[in-house]
Every structure is written in C-alpha cells, then in structure tokens.
Amino acid sequence: MALQKYIRLDDRLCSYVREHRSGSVDPVWSDLRAETMRLGPVAEMMIPEEEAALLFFLVGALCVRRAIEIGTFTGASSLAIARGLAEGGRLLCLDRSEEWTRIARVFWERAGVGERIELRLGPALESLEAIEGEPNFDFAFVDADKTGYDAYYEALLPRMRRGGVLLFDNMLREGRVLESDQPDDPDTQAIRNLNDKLREDSRIEGLLLPVADGIYLCRKR
C-alpha cells in the first residue's frame, strides 16, 4: 500500500498557515482584498494570500525577468508576480475586463509596480498569437476561462524559454476532478483533460500541487 502522508486543513489551520509567512501583514493586499470583496460573489475569483505568496516566492527564486499572466481580474496575482521580478523585469497581463482591471491598476500604482506591468485588453488567445519572436518568457500564470486552458497552454509553450515555468490555477476544481463524467460541467471536464495531458506531455516536467484549489506547476524541457 502506498504511503499517504498529508494533513487535512480546516479554517483554523489555514489561518495559521497564512499567518506564518514573510510579509503576512500587507496593507496593500488587505485593501485590495477589501475592494475586491465589494464586487460580490465574483470576488471568489481572487487568489488567496498563500497562493500569492507562492507566486512571489517562485518569481524571486527563479530571477524572472519576463513574465506573462492570463486572467488578471483585480490584480492580486499580478501584484505578487510584479513584486517578485528581477531588476528591470516586466510582466504582460492579458484580460478582457476594463472594469476589473481598473481596480488592478490602482493597486499596482499604490504598490509601486505599475511601471513593470503592461496590460493588454481583449481575447487572450488572440493577444498571445500576436506575440512574435524568439521564446522569451521565463514565467507564466494562467487563471482564466477553464475551457480555454489547453489552447492557452499550446500558445504559451512555444513562447517560453527552455526551463521556463508555467502555473495553472484551479486544477482541482474543489475536488470535482474526481468525478469521472461531468457533461453539465465543461470547466471541470476541461481541467481533468488538461491534468491528464500534462502528466503525459514529454515537452514539460509537471507537478500537481494541493495549494489553494490546486496548482499545476510545469517546467519546459
């Protein structure tokens, strides 16, 4: 029998984890979260603090200079990525919503990272396919429409440098990935298919992490 070693997280333990990280007291993040919560139920699209901390940590550890994000919402993930960039680093954000990214712009400026970020509004796949030249992205984060993930992956991979890192969010779908047939849930079915594809894809090395709602971490070979 395989060794199963893990711990179940309840609300108290999750709070303990969040409190015991560097920079756990962050007024900019707290105000961004409060502003996002005013949007109502859609606020659940904001990534949690521990996921933002992981993005910041990875970007810094990898000395990322060129990053790209698909799905910006109100700016939590882009804020974390931009803060972690190496000196002179740049982040390209792709999103459709002027309304939500207007909030992001405010907090980018407040955090002093506005000059590191370029925002392009419109269909993300079209924006991706318009990027020409040699592969030059060191880091990519995808948190957008789930049925579009596979297309984003195929468009991103040739634009990543060798050794570049890609992260996909919401890869556990609150546990629904364990359900084998979901005709009424195309988002979860798309994620299940991509999880299976990434596991077998020889172009990358991949790891599915139980952070937040699941992160698939990929490194281009």
Side-chain angles (χ1 to χ4, degrees), residues 4-9 13-18 20-24 29 33 36 43-62 64 67-85 91-95 124 137-157 160 163-179 185 187-201 203-221:
Q4 299 280 4
K5 189 173 183 180
Y6 60 90
I7 186 169
R8 297 183 184 277
L9 298 179
L13 199 50
C14 279
S15 295
Y16 182 87
V17 169
R18 289 172 178 169
H20 288 78
R21 60 178 175 81
S22 301
S24 59
W29 173 271
R33 178 176 55 195
T36 303
E44 69 179 9
M45 292 196 301
M46 182 180 183
I47 65 170
E49 297 164 66
E50 63 271 23
E51 186 172 357
L54 177 61
L55 292 176
F56 172 78
F57 187 93
L58 286 174
V59 169
L62 295 168
V64 171
I68 184 170
E69 170 185 84
I70 301 178
T72 296
F73 189 41
T74 59
S77 52
S78 52
L79 181 61
I81 294 169
R83 280 173 156 177
L85 290 171
L91 168 63
L92 174 60
C93 293
L94 307 181
D95 201 282
F137 288 110
D138 307 307
F139 187 89
F141 180 65
V142 181
D143 184 13
D145 56 298
K146 310 313 170 192
T147 55
Y149 270 28
D150 186 74
Y152 298 145
Y153 172 62
E154 292 296 340
L156 274 170
L157 197 60
M160 303 294 295
V165 170
L166 303 88
L167 275 75
F168 293 89
D169 196 23
N170 302 117
M171 300 301 278
L172 293 179
R173 297 287 295 165
E174 299 179 339
R176 293 194 296 277
V177 290
L178 296 178
E179 300 169 11
D185 188 358
D187 288 341
T188 298
Q189 190 58 52
I191 294 301
R192 277 176 51 87
N193 292 342
L194 184 57
N195 280 331
D196 291 344
K197 175 177 177 175
L198 294 175
R199 178 185 59 193
E200 304 298 333
D201 196 335
R203 297 173 294 176
I204 62 158
E205 295 173 339
L207 179 65
L208 181 55
L209 300 174
V211 175
D213 188 29
I215 292 176
Y216 213 114
L217 180 63
C218 311
R219 184 168 70 94
K220 183 177 177 179
R221 294 182 185 271

*Is a donor on one side and an acceptor on the other found under 3.5 Å between the side chain of Arg21 and the backbone of Arg18?*
yes
*State, with a plain yes or no, whether a side-chain heavy atom of Thr147 is found less than 4.5 Å away from one of Asp187.*
yes
_Heavy-atom pair with the smallest gap, counting every atom of Ser77 and Gly71_ = OG-O, 4.2 Å
_Euclidean distance, Leu198 CG relative to Asn193 CG, rounded to 0.5 Å_ = 11.0 Å
*Rounded to the nearest 0.5 Å, what separation is found between the CE atom of Met171 and the NZ atom of Lys146?*
9.0 Å
_Just to verify, what does Arg221 make a salt bridge (charged side-chain N to carboxylate O under 4.0 Å, His left out) with, not counting sequence neighbours?_
Glu205
*asked:* Distance check, rounded to the nearest 0.5 Å: Leu62 atom CG versus Leu85 atom CG?
replied: 11.0 Å
*Quick one: closest heavy-atom pair of Cys93 and Thr72, and the distance?*
CB-OG1, 3.2 Å
*Compare every heavy atom of Ile70 with every heavy atom of Ala124, then report the nearest pair and how far apart it is.*
CB-CG2, 3.7 Å
*Residues in ring pair (Phe, Tyr, Trp, His ring centres under 6.0 Å) contact with Phe168, at least two apart in sequence or another chain*: Tyr149, Tyr153
*List for me each residue that meets side-chain hydrogen bond (donor to acceptor under 3.5 Å, both in side chains) alongside Asp145, sequence neighbours excluded, and say none if there are none.*
Tyr152
_Leu92 CG to Ile68 CD1 distance, which is reported to the nearest 0.5 Å_ = 4.5 Å
*Sequence neighbours left out, what passes salt bridge (charged side-chain N to carboxylate O under 4.0 Å, His left out) with Glu174? Give chain and number order.*
Arg176
*Is the shortest heavy-atom distance from the side chain of Ile215 to the side chain of Leu54 under 4.5 Å?*
yes
*Any residue meeting side-chain hydrogen bond (donor to acceptor under 3.5 Å, both in side chains) with Glu154, in chain and number order, not counting sequence neighbours*: Lys197, Arg203
*Calculate, to the nearest 0.5 Å, the distance between atoms CG and OG belonging to Leu55 and Ser78 respectively.*
10.0 Å
*Just by distance, do the side chain of Arg192 and the backbone of Val177 share a donor-acceptor pair under 3.5 Å?*
yes
*asked:* Going by salt bridge (Lys or Arg N to Asp or Glu O under 4.0 Å), name the pairs with one or both residues in residues 67-85, residues two or more places apart or in two chains.
replied: Asp26-Arg83
*Measure the spacing between CZ of Phe141 and CG of Leu58 and express it to the nearest 0.5 Å.*
10.5 Å
_salt bridge (charged side-chain N to carboxylate O under 4.0 Å, His left out) against Asp138, all qualifying residues, sequence neighbours excluded_ = Arg161
*Please name the pair of heavy atoms, one in Cys14 and one in Leu9, separated by the smallest distance, quoted to 0.1 Å.*
SG-CB, 3.7 Å
_I want to check something: taking the side chain as every heavy atom from C-beta on, are Asp143 and Leu167 in contact at a cut-off of under 4.5 Å?_
no
*Under a 4.5 Å cut-off applied to non-hydrogen side-chain atoms, are Leu157 and Ile204 in contact?*
yes
*Just grab all the salt bridge (Lys or Arg N to Asp or Glu O under 4.0 Å) pairs involving residues 164-173, residues at least two apart or on different chains.*
Arg173-Asp185
*asked:* Under the rule for ring pair (Phe, Tyr, Trp, His ring centres under 6.0 Å), what residues qualify as partners of Phe57, not counting sequence neighbours?
replied: none
*Just jot down the side-chain hydrogen bond (donor to acceptor under 3.5 Å, both in side chains) partners of Glu51, sequence neighbours excluded, or say none.*
none
*Of all residues at least two apart in sequence or in a different chain, which pass the salt bridge (charged side-chain N to carboxylate O under 4.0 Å, His left out) check with Lys220?*
none
*Are the side chains of Phe137 and Leu166 in touch, meaning some heavy atoms are under 4.5 Å apart?*
no
*Please name all residues satisfying side-chain hydrogen bond (donor to acceptor under 3.5 Å, both in side chains) with Glu200, sequence neighbours left out, ordered by chain then number.*
none
_Test side chain to side chain contact (heavy atoms under 4.5 Å, CB included) applied to Tyr216 and Asn170, Leu209, Asn195, Leu207, the passing residue_ = Asn195
